[in-house]
Amino acid sequence: MPYDPGAIEAKWRAHWAERGSNVADIKNAARPYYALMMFPYPSAEGLHVGNMFAFTGNDIFARFQRMQGLDVFEPLGYDAFGIHSENYALKVGVHPAEMIPRNIANFRRQLERGGLMVDWSRSLSTTDPEYYRWTQWVFLQLYKQGLVHKKAAAVNWCPTDKTVLANEQVIAGECERCGSKVEQRFLEQWFFAISNYAERLLNNLDTLDWSDTTKTAQRNWIGKSEGAEIWFDGIKVFTTRPDTIYGATYVVLAPEHPLVDAHTTDAQRAAVEGYRDRASRRDLVSRKTTKDKTGVATGTTVTNPATGEQIPVWVSDYVLMEYGTGAIMAVPAHDERDLEFAHGFALPVKQVVREDETLVESGEFTGMTVHEAKHAIVKSLAAMQKATPVTNYRLHDWCISRQRYWGPPIPIIYCDDCGVVPVPEKDLPVLLPMIDDFKPDDSGVSPLARHDEWYRVPCPTCGTMARRETDVSDTFLDSAWYFLRYPSVGDDSVPFDASITRKWLPVDSYIGGNEHAVLHLLYSRFVTMVLHDAGLIEFEEPFTRFRAHGLIIREGAKMSKSKGNVVNPDEYIETWGADAFRTYLMFLGPFEEGGDFRDKGISGVRRFLDRLWASVRDCAADAATDAATDAATDAATHAEVERKLHATIRKVGEDVPRLSYNTAIAAMMEYMNVLRKSDRTPRRSEVEPLVQLVAPFAPHLAEELWQQLGHAQGVFDSGWPSFDPALLAEDEIDLVVQVNGKVRGKVRVPRGISEADAVARATGDAAISRFITSEPKKIVLVPGRLLNIVV
RNA sequence: GCCCGGAUGGCGGAAUCGGUAGACGCAGGGGACUCAAAAUCCCCCGAUGGCAACAUCGUACGAGUUCGAGUCUCGUUCUGGGCACCA
């Protein structure tokens, strides 16, 4: 009977579903292990091969941990709110509330075909009221902690799409979707005070077992810089280079700086007003990217506190109000941007630090190194109340307001008498009403504001008529706590059960894309810390271990719908089977780097599975047959095969935990080649462990073969094969012999051979000795490996 | 501009501690089986020279350290990603 993946996979899918094989025993698990993967956005196009790649990588790790005897919980849900769904719904004219369940059903079908060990009894969608009720609850917890505030903020506004755009959606000052020129608008927005947590978010990184690239991205995003605030008369500037203060030749204020008026002379007032007006109309992105510096002099001067000199005050939009103090001391000799500005306006340039990092023309500090001077100058100015050491962060507060429809309504009510009133927890969820006119308009307020019947509510405090907040929250809030919910799905009385959470969290292993290295992972860490500080959970970091997976390309090119080169998992599973598809995805390259999907490549993996199938079919049924085969062939063969088997068990057991799936598969293929080369009926003991090794990769096939081998219990409950280190050590080894560092041959020698004996054996070999033209000057023996004779 | 990666056969990739470079797989070539094809099985497969044995060269480029470097150090080029008027 040939290997027929279609039939086998259907059989085992049904078997797993029937037995509840993948359902974790949340209450009673003795050794809980939470293996999480980032949940997908259920798009209308269906499951992307990139999703399948990521999920398979997580699944293999999870199945492996289960075979180590752990109680593994592998949940999966859907991140289904957001502007992406909403825009697609508008485009095709289907309400998202109708579209999303359809997409989810399709995803579920595709995911099940992939053979994932997912516990479907604890799935969720962020769009379920039973879920987003608690997303709103999370908002209220932050509110209680005083970490939520409302303020006017400049946003990118697309006049065509009538919506706020994220910075990433603005390309060269234009809307990425319609190409309209983006405008700057000031809108009232809700913010989370994540910047209060900047130092903790940064420091805790050192304690986490995460990919270095991800940690680095987070450090860059948090952007800590240490420096000082220094007073130039009434103007406080921020600098990281106090050592260059003797080269400060002017001061620059951001156009929005509140002190601009006070520092402007009457003669310059018209020019300054005009400049501020123009600057306010420039959109955020072009302002941040343009290289040409503009600005205007205020006509006044301030005192450089180090030199006592009077230096002019300028206004320019290359200084940002959002960062530092909105004012800088300009040192054109040591800052590229200041230099550009100085050149544009013919301002003096004064070098105060030499190439060798020592100070010149800096008064009493002359001769100090940059490092010494930073401290000495701040200390000296601080003594005169002119400076304070200060740390700044690039990290901004998290704007969670979206003036859109498809998201959880922010649970706030505005009352004329009581002011801003949070919705009482008992009144949650604030349901998102089913409306048809959810297209955003030019008003800058959410479409929900057009629905009085929803918008008008009695004030929870005084009962007079009040108004609901009409903004919905950012999708990143939905995904910032979902991992807390999974184990408690089914209990709608709490967001997460305390004892279950204590048992299962923090997440033991988290796998996902590096595109979420910064926002999602940072927001999740922040929310976890806040809930910890509120006394609701015991840990403050949600993900003990995180690994970012790579990207899949196809035939050397990025996959995209427009190129028509997108891999559809269904087709490949149909043709080759889910097991071959899974294994091939993992064989493409290192999991953390991704790989190149080549259509023909999958045949090699399928051949390997076919051979595995055949070897189980052919393998000897009992010990008597084994003895007979050994007698009939070469008895030494079994020893060789067995040694390779044990080496393979070790290799796969080492590779899988570090997600080195491609090399684990290669090792199993190598073993298969050795097994076949022996040209005899394989022993059952030579094949059985291989079925276990392959099980995380090709779960359906492994279950089937395990059953064919006569086991009543499933392969995932069979444990993991062990290897015998004694078997791995050969008595005789091939010692590589080099002469002057070049390989000239190898000799078969006893494992622990002495240097003298090794040299004797090497010189006794004619192929080697002909290169030894004189008395050896030096001998290097690397035991068990190599001998180098230097002449 | 700053901060992280990366560069190895025709291709994807391997080499875990400085010790036989190219495992494993794809593609390609040759053979067995077959009326034939597919499938399957066996062999070859970095470059150059050589009938061969074998030799020389070879891990982006240039130096260096070392008995020995794909691996370590310095410099250069190209490339992927992150951040970016953040002072």
Side-chain angles (χ1 to χ4, degrees), chain A residues 2 211-225 227 237-241 244 252 254 287-293 316-320 322-331 334-338 340-341 392-396 514-515 517-518 550-551 553 555-556 584 587-590 593-605 607-608 610-611 614 651 654-655 658 660 662-673 676-677 679 734-746 767 776-782 784-791:
Chain A
S211 315
D212 280 335
T213 50
T214 312
K215 287 197 198 181
T216 305
Q218 293 223 342
R219 286 193 187 100
N220 289 344
W221 185 263
I222 294 167
K224 178 176 183 171
S225 56
V237 307
F238 174 72
T239 181
T240 54
R241 293 293 306 275
T244 63
V252 188
R287 175 176 165 182
K288 284 187 177 182
T289 51
T290 183
K291 283 285 160 203
D292 298 326
K293 302 269 181 292
S316 173
D317 66 4
Y318 84 90
V319 175
L320 305 176
E322 310 90 84
Y323 187 78
T325 60
I328 62 156
M329 63 174 207
V331 187
H334 303 290
D335 183 283
E336 210 178 306
R337 295 150 305 178
D338 295 343
E340 272 175 51
F341 189 81
N392 269 317
Y393 301 89
R394 207 199 66 97
L395 181 67
H396 286 42
N514 227 353
E515 69 274 20
V518 174
L551 294 180
I553 57 172
E555 310 282 343
Y584 179 52
F587 188 57
L588 290 176
E593 285 165 40
D596 190 1
F597 193 100
R598 305 216 160 225
D599 294 359
K600 286 187 170 163
I602 194 171
S603 61
V605 166
R607 255 193 285 273
F608 165 67
D610 280 331
R611 287 167 180 171
K651 171 89 175 142
E654 283 168 358
D655 283 356
R658 54 194 180 93
S660 188
N662 56 332
T663 54
I665 295 165
M668 291 187 281
M669 287 173 164
E670 269 187 72
Y671 174 60
M672 175 57 72
N673 290 344
R676 279 156 35 85
K677 213 172 179 167
D679 202 24
D734 285 322
L735 186 70
V736 172
V737 181
Q738 296 183 337
V739 179
N740 289 339
K742 285 193 180 183
V743 177
R744 296 302 182 185
K746 53 187 175 184
K777 285 196 232 129
K778 182 169 183 171
I779 304 290
V780 180
L781 177 71
V782 183
R785 274 194 182 272
L786 168 141
L787 175 72
N788 189 11
I789 300 168
V790 185
V791 297

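Only a predicted model underlies this, so the values are computations on that prediction, with no experimental measurement involved. Every chain is numbered from 1 and lettered A, B, ... according to where its sequence line falls, protein lines coming before strand lines.
Comparing C54(B) with A36(B), their P atoms are spaced 39 Å from each other, to the whole Å. Atom C1' of G13(B) sits at a distance of 15 Å from the matching atom of G46(B), rounded to the whole Å.
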Under 3.5 Å, which protein N or O atoms sit close to an N or O of nucleotides 65-70 of chain B? Give each pair with its distance.
residue	atom	partner	partner atom	Å
C67(B)	OP1	Lys778(A)	NZ	3.3
C67(B)	O2'	Asn788(A)	ND2	3.3
C67(B)	O2	Asn788(A)	ND2	2.5

Pairs under 3.5 Å (N/O, protein and nucleotides 48-58 of chain B):
residue	atom	partner	partner atom	Å
C54(B)	O3'	Arg770(A)	NH2	3.1
A55(B)	OP1	Arg770(A)	NH2	3.3
U56(B)	OP1	Arg744(A)	NH2	3.4
U56(B)	OP2	Arg744(A)	NH1	3.2
C57(B)	OP2	Lys742(A)	NZ	3.0

Report each atom pair, protein N/O against N/O of nucleotides 41-44 of chain B, whose distance is under 3.5 angstrom.
residue	atom	partner	partner atom	Å
C41(B)	OP1	Arg611(A)	NE	2.9
C41(B)	OP1	Arg611(A)	NH2	3.3
C41(B)	OP1	Arg676(A)	NH1	3.1
C41(B)	OP2	Arg611(A)	NH2	3.2
C42(B)	OP1	Arg676(A)	NH2	3.3
C42(B)	OP2	Arg676(A)	NH2	3.3

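The CD atom of Glu340(A) sits 13 Å away from the C1' atom of A87(B) (whole-angstrom rounding). Rounded to whole angstrom, the span from the CZ atom of Phe608(A) across to the P atom of A39(B) amounts to 20 Å. Rounded to a whole Å, the NZ atom of Lys651(A) is 13 Å from the P atom of C24(B). Rounded to whole angstrom, the span from the NZ atom of Lys293(A) across to the C1' atom of C85(B) amounts to 5 Å. Look at CD on Glu593(A): it is 12 Å from C1' on A7(B), rounded to the nearest Å.
Qualifying side chain to side chain contact (heavy atoms under 4.5 Å, CB included) partners for Ile779(A), counting only residues two or more places apart in sequence or in other chains: Glu755(A), Val759(A), Pro776(A), Leu787(A), Ile789(A). Considering only residues two or more places apart in sequence or on other chains, Asn662(A) meets the side chain to side chain contact (heavy atoms under 4.5 Å, CB included) condition with Pro590(A), Ser660(A). Residues forming a salt bridge (charged side-chain N to carboxylate O under 4.0 Å, His left out) with Glu593(A) (at least two apart in sequence, or on another chain): none. Evaluation of the side chain to side chain contact (heavy atoms under 4.5 Å, CB included) rule for Arg785(A) yields Val782(A) as partners, not counting sequence neighbours. The side chain to side chain contact (heavy atoms under 4.5 Å, CB included) check on Arg394(A) picks up Trp221(A), with sequence neighbours excluded. Listed by chain and residue number, Asp655(A) satisfy the side chain to side chain donor-acceptor pair (under 3.5 Å) test with Lys651(A) (two or more places apart in sequence, or in another chain). Residues passing the side chain to side chain donor-acceptor pair (under 3.5 Å) test with Asp599(A), sequence neighbours excluded: Arg554(A), Tyr572(A). Contacts of Arg219(A) classified as side chain to side chain donor-acceptor pair (under 3.5 Å), with partners at least two apart in sequence or in another chain: Asp206(A).
In this structure, Tyr323(A) and Phe238(A) have perpendicular ring planes: the angle between them is above 60°, well past the 30° mark.
When each of Tyr584(A) and Gly324(A) is assigned the nucleotide of RNA chain B with its nearest heavy atom, Tyr584(A) is the one assigned upstream, toward the 5' end. Along RNA chain B, the nucleotide nearest to Phe587(A) and the one nearest to Thr213(A) differ in position, and the one closer to the 5' end is contacted by Thr213(A).
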Determine which bases of RNA chain B form Watson-Crick or G-U wobble pairs with both distances under 3.5 Å, and write the result as a 5' to 3' dot-bracket string with | for other-strand partners. (((((((..(((......[....))).(((((.......))))).((((....))))..(((((..]....))))))))))))....
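Between G13(B) and Thr663(A), no contact under 4.0 Å exists linking OP1 or OP2 to a side-chain N or O. The side chain of Asn673(A) places an N or O atom within less than 4.0 Å of a non-bridging phosphate oxygen (OP1 or OP2) of G25(B). The phosphate of A87(B) (OP1 or OP2) has no side-chain N or O of Tyr318(A) nearer than 4.0 angstrom.
Taking the O4'-C1'-N9-C4 or O4'-C1'-N1-C2 dihedral as appropriate, C17(B) has a value within 90° of 0 and is therefore syn. Glycosidic conformation, G9(B): syn, with the torsion inside 90° of 0.
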